[in-house]
Amino acid sequence: MPPGPVAAALAGSGAHPLTGSAPLPRGFFDRPAHEVAPDLLGRVLVHGPVALRLTEVEAYGLPGQDPAAHTYRGMTPRNAVMFGPPGHLYVYFTYGMHFCANLVCLPEGTGSGVLLRAGEVIAGAEVALARRGAGTGRAVPGRELARGPARLAVALGFAREDNGRDACSPGAPDGADPAAARGGAGWLAVLEGEPPAPGLVRSGPRTGVSAGKETPWRFWIDGDPTVSPYRVHVPRRPRDAAAPADRRPE
DNA sequence: GGCTCGATGAACT
DNA sequence: GTTCATCGAGCCG
């Protein structure tokens with residue numbers, strides 16, 4: 001389909017053709033993560049054909065200060081993106097099977113960000129559905145499409161190659177033609193969207209973390225069905241319980 | 001070099 | 001409610 005007049009007009013502003021919403025400026029992320037996080041609710045994250053309205057996020061703080069943060073012990077090859085400039089995407093692999101995505105906060109060299117925990121898919125639901133249902137053969141209800149950080153990453157199609165990408169200068173992955181890719185495969189942006197009424201923003205302890213649970217840096221939109229259920233951290237059970245060592249006959 | 005466990009999700013009882 | 005899949009980062013020796 002050739003670009004219509006609306007898409008053509010938006011092309012100059014950087015606004016996204018699916019939503020008409022403009023990208024957030026980089027300065028938005030140049031603040032502490034716990035200030036950025038509640039402001040991210042209601043914003044729209046776009047990756048290729050899928051757009052998602054954020055309904056739940058968690059802030060992770062500074063190296064040496066927030067024991068729950070990946071950056072707590074300083075910079076490593078894995079978390080280096082978190083120490084880069086704000087407004088970039090930090091995608092990491094966890095539990096041997098899941099990807100999760102953060103948006104980097106504060107100036108380069110600092111090391112904090114906001115984990116994207118859940119959202120409502122507002123465009124490209126059929127693509128998200130296909131990704132989420134792939135391999136399982138099960139139908140996924142709409143509200144479950146991006147309910148939880150790993151599900152969100154799957155719905156948006158985030159993977160290793162998206163780690164470090166700039167979400168404040170909307171565009172396609174390196175090498176692709178930005179004009180041709182606008183609104184298409186790989187196009188990444190965080191858009192203004194529509195923030196919820198301040199009274200609807202709630203906060204509480206972060207989900208599933210083993211340290212720093214007392215810090216109420218999880219933020220969500222009250223009553224939204226796409227917000228993931230709260231889970232306390234459960235220490236892993238020792239493996240030796242399953243060991244086949246003991247088969248004496250008596 | 002080896003071991004532990006994690007910002008999880010899906011299947012199962 | 002409980003169990004398990006699965007692998008990489010980080011810590012320990």
Side-chain angles (χ1 to χ4, degrees), chain A residues 32-34 36-38 40-41 45 54-83 88-105 111-119 121 128-129 131-164 203-220 226-244:
Chain A
H34 66 275
V36 172
L40 272 174
L41 297 173
L45 183 60
L54 292 169
T55 58
E56 182 189 356
V57 296
E58 281 177 3
Y60 286 86
L62 299 173
Q65 295 184 19
D66 182 1
H70 277 191
T71 58
Y72 181 59
R73 293 179 183 84
M75 187 164 74
T76 67
R78 181 205 203 190
N79 66 24
V81 169
M82 287 279 264
F83 290 83
H88 285 239
L89 200 61
Y90 167 49
V91 178
Y92 68 91
F93 188 61
T94 190
Y95 287 94
M97 65 199 85
H98 298 303
F99 287 101
C100 297
N102 294 241
L103 286 166
V104 177
C105 295
S112 77
V114 176
L115 171 70
L116 311 177
R117 287 198 57 88
V121 174
L129 198 59
R131 287 171 175 157
R132 289 273 288 107
T136 68
R138 290 159 61 98
V140 180
R143 69 181 58 180
E144 301 277 332
L145 272 177
R147 190 176 188 229
R151 293 165 168 182
L152 180 149
V154 170
L156 281 169
F158 285 146
R160 237 177 277 275
E161 59 266 27
D162 295 302
N163 186 37
S203 69
R206 292 171 293 188
T207 301
V209 302
S210 54
K213 351 171 148 41
E214 65 286 346
T215 311
W217 279 1
R218 173 177 175 247
F219 302 90
W220 68 95
T226 63
V227 173
S228 63
Y230 177 76
R231 294 200 307 206
V232 297
H233 174 76
V234 182
R236 226 169 80 139
R237 176 178 130 254
R239 280 184 319 169
D240 54 342

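Throughout, protein chains are lettered first and strands after them, A, B, ... in sequence-line order, and every chain is numbered starting at 1.
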Would you kindly give the NE2-to-P distance between A:H98 and B:dC5, to the nearest whole Å?
-> 18 Å
Is a donor-acceptor pair below 3.5 Å formed from side chain A:N102 to base B:dA7, judging by atom type as modelled?
-> yes
Expressed in angstrom and rounded to an integer, what is the separation of A:F99 atom CZ from B:dT8 atom C1'?
-> 13 Å
Under 3.5 Å, is there an N or O donor on one side and an acceptor on the other linking the side chain of A:Y92 and the base of B:dA7?
-> yes
At under 4.0 Å, does any side-chain N or O of A:R132 touch on OP1 or OP2 of B:dG9?
-> no
Criterion side-chain hydrogen bond (donor to acceptor under 3.5 Å, both in side chains) on A:T226 and A:E56, from CA distance to verdict | CA-CA 8 Å; A:T226 63; A:E56 182 189 356; over 6 Å; no
Could you check whether A:R151 gets within reach of a base, just the sugar-phosphate, or nothing at all, counting any heavy atom under 4.0 Å?
-> sugar-phosphate
Separation of C:dT2 atom P from A:R231 atom CZ, nearest Å, is 13 Å
Choosing from B:dT8, C:dG10, C:dA5, which nucleotide comes nearest the side chain of A:T76?
-> C:dG10
Carboxylate-amine/guanidinium proximity below 4.0 Å for A:E58 and A:R117 = yes
Under 3.5 Å, side chain of A:N102 to main-chain N/O of A:L89, donor-acceptor pair present?
-> no
Ignoring the backbone of A:M97, work out which of B:dA7, C:dT6, B:dT8 is nearest its side chain.
-> C:dT6
Is A:A68 touching bases, backbone alone, or none of the nucleic acid, heavy atoms closer than 4.0 Å?
-> base
To the side chain of A:Y95, which of C:dA5, B:dG6, C:dG10 is closest?
-> B:dG6
Quick one: look up who B:dA7 pairs with, Watson-Crick or G-U, both distances under 3.5 Å, and put none if it's unpaired.
-> none
Just to confirm, is there a sub-4.0 Å distance from OP1 or OP2 of B:dA7 to any side-chain nitrogen or oxygen of A:H70?
-> yes
Watson-Crick/G-U partner (both atom distances under 3.5 Å) of C:dT6 | none
Go through C:dA9, C:dG8, B:dA7 for me and flag the one nearest to the A:F93 side chain.
-> C:dG8
Rounded to whole angstrom units, what separation is found between the CZ atom of A:F158 and the P atom of B:dT8?
-> 17 Å
Under 4.0 Å between a side-chain N or O of A:R117 and OP1 or OP2 of B:dT8?
-> yes
A:M82 has its side chain closest, among B:dA7, B:dG9, C:dT6, to B:dA7
Here the distance between atom P of B:dA7 and atom CZ of A:R206, to the nearest Å, is 10 Å
Over 60° means perpendicular and under 30° means parallel, so classify the ring planes of A:Y90 and A:H70, tilted if in between.
-> perpendicular
